[in-house]
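Each remark here refers to the structure printed beneath this line.
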Amino acid sequence: MDEGFNVTYIILGGHVEVDKYRFLYFVIILTVYFLIISCNSTIVCLIWTHQNLHHPMYIFIAALLINSVLWSTVIYPKLLTDFLSEKQIISYSACLLQFHMFYSLGGSEFLLLAAMAYDRYVSICKPLQYPPIMKKTTVCAFLILTWSVPACQLADNYPKQSSEPRVAKDIGLQLVVGLWLKNLWSFSDQKLR
């Protein structure tokens, strides 16, 4: 049988009295969604256009705002279509995609906050070594890691047809990230001496 015709749907039944207040919910959620997109995009554009805001902390703030816009785009459009439709249905593959995006962007938010904390730690505790430690390449590496590590970790958790052990893959990913962080930390300690 062709797998293209076998589609599994999930019916969402958690919305209370959607029929009664459907358009009110829709207008409120649409307003919130537009406010999130417009406010965050405005701040990102300001950081992008002004040269005096091209410091690591502002770049991390812009990345956090972009992450917020992406997370909102994962959640709100489906929520808006559910408010307007008679039945709240989602296909299994779309549900998996939304799950993957939701949790990978959530993990990215925590890693971005950790990178911002490291940036503040270096600027307060090692102010003379701040420029060589928080170079443009370090900031780019932090940004790439904060968005790719949660996505790769979640992608690795999906069921696969292979028989190779998952433990080795998980340890390998953690080992690569750990070694990269150790090298970064030893580089910052060498600059102190």
Side-chain angles (χ1 to χ4, degrees), residues 3-121 123 139-140 142-159:
E3 286 188 32
F5 295 109
N6 189 7
V7 179
T8 304
Y9 290 102
I10 299 171
I11 298 173
L12 308 172
H15 301 298
V16 179
E17 296 191 21
V18 173
D19 295 332
K20 192 173 182 181
Y21 300 110
R22 158 187 322 214
F23 296 110
L24 178 65
Y25 291 155
F26 180 80
V27 169
I28 290 171
I29 297 296
L30 186 65
T31 305
V32 168
Y33 182 53
F34 281 143
L35 282 173
I36 289 171
I37 288 178
S38 63
C39 292
N40 289 347
S41 299
T42 303
I43 295 171
V44 168
C45 286
L46 285 173
I47 292 171
W48 181 277
T49 56
H50 292 289
Q51 287 291 335
N52 57 348
L53 297 178
H54 288 190
H55 297 289
M57 188 62 183
Y58 295 111
I59 292 172
F60 287 134
I61 289 173
L64 198 61
L65 293 174
I66 290 170
N67 199 45
S68 174
V69 167
L70 292 174
W71 188 84
S72 299
T73 303
V74 167
I75 299 299
Y76 285 114
K78 176 63 180 147
L79 192 60
L80 289 169
T81 58
D82 283 344
F83 282 136
L84 290 182
S85 64
E86 292 294 324
K87 286 186 175 182
Q88 291 79 34
I89 294 177
I90 187 170
S91 68
Y92 182 71
S93 59
C95 184
L96 279 181
L97 177 67
Q98 193 173 20
F99 162 81
H100 176 76
M101 295 300 293
F102 181 83
Y103 283 106
S104 68
L105 289 171
S108 296
E109 185 169 348
F110 286 114
L111 290 177
L112 279 168
L113 290 172
M116 291 171 76
Y118 179 74
D119 176 62
R120 292 296 89 198
Y121 164 76
S123 70
V139 173
C140 288
F142 274 146
L143 291 176
I144 290 170
L145 279 176
T146 57
W147 276 316
S148 63
V149 167
C152 292
Q153 187 174 9
L154 276 174
D156 189 45
N157 288 335
Y158 285 131

Side-chain donor-acceptor contacts of residues 101-112 below 3.5 Å, not counting sequence neighbours, with atom names and distances?
residue: Ser104; atom: OG; partner: His100; partner atom: O; Å: 2.9
residue: Ser104; atom: OG; partner: Met101; partner atom: O; Å: 3.4
residue: Ser108; atom: OG; partner: Ser104; partner atom: O; Å: 2.8
residue: Ser108; atom: OG; partner: Thr146; partner atom: O; Å: 2.8

Scanning both residues in full, the closest heavy-atom pair of Leu84 with Arg22 reads O-NH1, 3.2 Å
Between the OH atom in Tyr76 and the CD1 atom in Ile36, the distance rounded to the nearest 0.5 Å is 4.0 Å
- Message: Within the supplied structure, the quantity of interest is the number of heavy atoms (other residues, nucleotides, ligands) at a distance under 6.0 Å from Phe26 CZ; does it exceed 12?
- Response: yes
Contacts of Thr31 meeting side-chain contact (heavy atoms from CB on, under 4.5 Å) (sequence neighbours excluded), chain-then-number -> Val27, Leu35
### Task
May I ask you to decide if the ring planes of Phe83 and Tyr25 are parallel, tilted or perpendicular, using 30° and 60° as cut-offs?
tilted
So OG1 of Thr81 and CD1 of Ile90: to nearest 0.5 Å the spacing works out to 8.0 Å
Taken in chain and number order and not counting sequence neighbours, the residues that satisfy side-chain contact (heavy atoms from CB on, under 4.5 Å) with Val44 are Ala62, Leu65, Ile66
Those residues at least two apart in sequence (or on a different chain) that pass side-chain hydrogen bond (donor to acceptor under 3.5 Å, both in side chains) with Trp147 are Asn67
| Side-chain touch Phe60/Leu113, heavy atoms, less than 4.5 angstrom | no
Separation between CD1 (Ile47) and OH (Tyr58), nearest 0.5 Å, reads 8.0 Å
The reported gap from CG in Leu24 to CD1 in Ile29 (rounded to nearest 0.5 angstrom) is 10.0 Å
Minimal heavy-atom distance between Met116 and Leu64, with the atoms involved, is SD-CD2, 4.1 Å
Between the OG atom in Ser85 and the NZ atom in Lys78, the distance rounded to the nearest 0.5 Å is 6.0 Å
Hits for side-chain hydrogen bond (donor to acceptor under 3.5 Å, both in side chains) against Tyr33, two or more places apart or cross-chain, chain-then-number order -> Thr73
So side chain to side chain donor-acceptor pair (under 3.5 Å) across residues 34-48, not counting sequence neighbours, yields Asn40-Ser68
